[in-house]
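To keep things clear, I will list the structure first and then write my remarks on it.
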Amino acid sequence: MTEPLPPQYDPSVIEGPLYRRWEAAGRFGPRQGAGDPYVVMMPPPNVTAQLHMGHGLNNTVQDALVRFERMRGRRTLWLPGTDHAGIATQNVVERLLAAESLTRFDVGRDAFVQRVWSYVGTTGATILEQLRAIGASCDWSRTYFTLDAGLSTAVREAFVRLHEKGLVYRGHYIINWCPRCLTALSNEEAEKEEVDGRLYHLHYPLAVGGHLTVATTRPETMLGDTGVAVHPDDERYRALVGTEVLLPLVDRRVPIVADDAVDPSFGTGAVKMTPAHDATDFEIGKRHGLAAIDIFTPEARVAETAPERFRGLDRFEARKRVVAELETLGLMERIEEHRHAVGHCYRCGTIVEPRLSDQWFVRMGPLARPALAAYRDGRLRFIPERRGEEYAQWLGGIRDWCISRQLWWGHRIPVWYCDDPACGRVSVSRTDLTACPGCGGGVRQDEDVLDTWFSSWLVPFSSLGWPDRTADLATYYPGETLVTAPEILFFWVARMVMAGIEFMGEIPFSTVYLHGTVRDTQHRKMSKSLGNGIDPLDVVDRYGADALRFTILSGMAVGTDLILDPGDLESSFAAGRNFANKLWNAGRFVLSNLSGPVRPLAGGAADVVDRDELTLADRWIMARCDDTVREATDAYERYRLNDAAAATYRFLWSDLADWYIEQIKPRLYGDVPGGDVARAVAVAVFDVALRLLHPVMPFVTETLWGRIPGRPADATIMLGPWPRPDARAADPAALRDFGAVQELIGAIRAIRAEYGVQPGHPVRAIVTAMPAATHRAIDAERGTILRLARVSALTFAPTEERVGGHAVLADGTTLFVPLGDAIDVTRECRRLGDEVARLGTLIDGQKRKLDNTQFTSRAPGDVVERERLKLQSWTEQHGTLAQKRELLGC
RNA sequence: GGGCGAAUAGCUCAGCUGGUUCAGAGCGCCUGCCUUACAAGCAGGAUGUCGGGGGUUCGAAUCCCUCUUCGCCCACCA
């Protein structure tokens, strides 16, 4: 026998133990049996991450979808993991070292990597632990880490295969360099941001005499200039092409070249060429044989390739110095304000330095084409749809992917260089090499590691055992749904599609659901640095995981952001907590009233009893339940989780709790017959609704569902079954008829409230006209009406009585509630009289104000108009109250 | 510079592909109720020129045009 439930729901005593029970019972892994697999790959959080609202949102959405499909009988696998997050993790550990006044170079590569491992070992599982607190039902037994042996094998395999196909190459190009992280970045990792800059117009003296003006946003780079470019058709400069300028400050003669890439309409139409520090200049320089002089150290200080007096200056110091010297020399024509986009390191925010260096690249064109085709032919779809165009646009203009990073934490590039310059062989290998396959001499491995995303893009199959042909891989690849933030559409999603096609021959998922971002009320992204974050675990502590999930899911429509107020958790999360509590109490009530006879439950509510034993209210709640099954199922299928939550909320609170439970009380208490039917229907629809809500609020639904009598000990709502629509329950007539009853009760209650009838005081109700169907409905639910509206007598007849309230319902039913005997006429008259007097005074004053031409002529028109409207409104109220007084016979 | 969203109650937002539950929900606010499932509740109520302007239509929050304001993505005009 189960003990009675306390009247207030306390998630803190329910959620933790329940989660552990689920986990111990192995509920999170795919079920055995024949269902279709349903696979979701969790976007692996950074191994050092602490759970924030972004994770909360992302994982709640995934969990809801996964729980939905699991209940529908599919063999559901939600696969979790963590990402080694090269730059981010290395930065964290470097900061720890800095606290000891050490750099990674002080401790050395091996020791440093050891330190990162030990750091990751102690803190690495934190976020996965935290995901448990929000109810994430992922299969922990398959948890991976992107630096695991298995995934490392996959990374090498992918690298080697791509190299064999000529899709991986080493090249000397301009890349985005972060002078703080000291590594190359991909184009995606250099985030373009608009900044207010300046456009400097510099005079470059011409060898032939006179000068040429060039415009630049980065005057300091002139120390590395090796030419000036103009457009070939530009009449202004045609004669100068082939001549030289004398580069100031460095005293170098550099050529003037003509190239189509120059836009004659920008600046002066003449561009200084710095091939080592600008991608366009590099390309132009290559075409014209211009030298590339790297004038910066890795830290972006001026290097020894520049004149001595600039050396060691930071690039922005160098800019000031260059500008000052040019001004002194009279070579600065002018400086204008200029807003333009500048790349920033996505990990540390430092302005990236375009830099010429040797890096490894993936040739993306051949990978992008089939990935684009998958979208174009509809195999891959995006929710919201418009995101698909962003995907297509990016793939259409894709550039090669710089995958080498000058870091120590990550997958070391599987390339070995022969020590013997005479051999010079470069070997790409699946296994570590100790000797050169060409000459047998010594080898050294490439110092660099791979971009973190080079391991992430493989996870849809590497996490399942690839390159081995495991049973998991055969069963669970490809997956179906990917749920993630739009920020990593290019970093991760598009690349997974490409990798899936390239290595597995199939796209890794068919639907990409891109949800919004969590923001504060000023629409700023929640972030640690802004201090506007909400800690999901704090919310769980205070309101429970179900409340957190409910708020997240119902606050976020497809394609919109989730706005929360960090300063007011109560207003954000109270609704979810209140709902859980409401459910708890509805459940307590239903369950505690099952002591009487209950008809045996078969399948849905429609199986419970004979149709002719059902009251109008029974048929109504069953029809509403059936509607809700259809609505919620459809909403989940369409990723409209907010609609699913709202539909279920409406059914449980507004229909079941507010109406049906109230309606059946006399039957439950034995005051009228039919208790067994009422119990059966109540339990059946409650059961269905709990199942519909389970993906949103797993804890409270499981707890209540498990207490419904007759459950096997090991039953779990997690395995459903998902409720099916039942044609027998659909009942438009019941919906309409009980709706009329509800409206009638509401009208009587409104009249009571309006006239201040004492709550306990009964009133009479006289229905003076109505359609036949409504007449039957009112007859059928007469007892309900009498009880819920506190009506002593309900009659159908015309009436001569004048004192009271009347209402007309939507179907034309008219209602009169005599009030002479129900209200304290003296008191009500006094109240109304006071109010009329008060308004009268206000109206008199207002009339005087508006009659005063001093006011009406001098005050602004809108002010006068506002005062006029006030008068009008008060006058109307005055009239209404006077009419009421007359009706009451005051 | 190109592309794309959004603007509805004090706050956060629904209102979906074809123009008909149309002005909604939650929170907040006001009034009255501790009615034995629930005061984290119950009953009742107020608040909107659906961003501005124009158009199509019998009819527009919804479709078209335009303006304003926010936001996002992309971009090698230095």
Side-chain angles (χ1 to χ4, degrees), chain A residues 5 7-9 174 187 192 199-200 214-218 221 229 261-274 278-284 338 340-341 354 384 386-387 389-391 393-394 396-397 399 486-487 489-490 516-517 519 521-525 543 547 550-551 554-565 568 570-593 634-635 638 640 642-643 646 649-650 653-654 657-658 661-662 665 669 745-746 749-754 756-760 787-790 810:
Chain A
L5 302 171
Q8 197 166 81
Y9 178 59
I174 293 276
N187 295 320
K192 288 293 178 72
L199 191 60
Y200 301 82
V214 298
T216 180
T217 54
R218 300 197 58 199
T221 62
V262 177
D263 175 2
S265 66
F266 185 85
T268 61
V271 195
K272 58 188 273 314
M273 288 291 108
T274 320
D278 182 278
T280 310
D281 293 3
F282 177 73
E283 293 302 325
I284 295 174
H338 180 65
H340 62 135
R386 63 193 154 81
R387 294 285 180 180
E389 287 308 310
E390 278 175 31
Y391 168 90
Q393 194 188 347
W394 183 76
R399 286 176 288 166
E487 292 98 273
L489 179 58
F490 308 139
T517 306
R519 299 177 184 278
T521 47
Q522 295 166 60
H523 292 209
R524 298 175 308 178
K525 204 166 161 175
Y543 303 98
F550 181 80
T551 295
S554 49
M556 189 198 54
V558 168
T560 67
D561 287 336
L562 177 66
I563 312 289
L564 295 172
D565 184 354
D568 187 3
E570 188 72 14
S571 78
S572 300
F573 297 100
R577 177 203 51 192
N578 295 354
F579 184 37
N581 192 238
K582 183 72 182 180
L583 268 184
W584 183 253
N585 281 291
R588 280 202 318 140
F589 179 80
V590 171
L591 297 171
S592 68
N593 280 291
D634 179 64
R638 299 167 62 199
R640 300 179 66 97
N642 57 327
D643 286 346
Y649 180 97
R650 202 179 313 122
W653 198 316
S654 306
D658 287 350
I661 284 180
E662 292 307 324
K665 279 178 177 174
Y669 299 154
I745 292 170
R749 282 169 170 175
I751 289 168
R752 296 179 59 107
E754 192 186 351
V757 178
Q758 291 300 306
R787 200 158 39 84
L788 298 187
R790 297 242 177 202

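Note that the coordinates shown come from a computational prediction; the quantities given were computed from them, not determined experimentally. The analysis underlying the following values was restricted to heavy atoms, covering all of them including side chains, and did not include hydrogens, waters or symmetry mates. So that the names make sense, note that chain A is the first sequence line, chain B the second, and so on, each numbered from 1.
The pairing partner recorded for B:rG44 is B:rC30, the criterion being a Watson-Crick or G-U wobble arrangement whose two distances lie under 3.5 angstrom. Summarising the base pairing, B:rU49 is matched to no nucleotide, lacking a Watson-Crick or G-U wobble pair whose two defining distances lie under 3.5 Å.
Put simply, CG on A:Asp561 is 10 Å from C1' on B:rG5, counting in whole angstrom units. Taking atom CG of A:Leu564 as the reference point, atom C1' of B:rC13 lies 12 Å away to the nearest angstrom.
Note on A:Tyr669: only backbone sugar-phosphate atoms sit closer than 4.0 angstrom, heavy atoms only; bases stay farther off. Residue A:Glu487 is out of contact with every strand shown, counting any heavy-atom pair closer than 4.0 Å. Residue contacts shown for A:Arg638 include a base, since a base heavy atom lies under 4.0 Å away. At a threshold of 4.0 angstrom between heavy atoms, the contacts of A:Lys192 are confined to the sugar-phosphate backbone, with no base atom among them. If you check every strand for non-hydrogen atoms under 4.0 Å, A:Ile661 touches a base.
Taking the ring centroids of A:His340 and A:Phe266, they lie at or beyond the 6.0 Å cut-off.
Taking the ring axis of A:Tyr649 as reference, the NZ or CZ atom of A:Lys582 does not stay both within 45° of it and closer than 6.0 Å to the ring centre.
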Please enumerate all protein N or O atoms sitting under 3.5 Å from an N or O of nucleotides 39-41 of chain B, with distances to 0.1 Å.
unit_1	atom_1	unit_2	atom_2	d
B:rA40	O4'	A:Asn578	OD1	3.1
B:rA40	O2'	A:Asn581	OD1	3.0
B:rA40	N7	A:Gln8	NE2	2.6
B:rA40	N6	A:Gln8	OE1	2.6
B:rA40	N3	A:Arg577	NE	3.4
B:rG41	OP1	A:Asn578	ND2	3.2
B:rG41	O3'	A:Lys582	NZ	3.1

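Using a 4.0 Å cut-off between a side-chain N of Lys or Arg and a carboxylate O of Asp or Glu, A:Glu754 and A:Arg749 do not qualify as a salt bridge.
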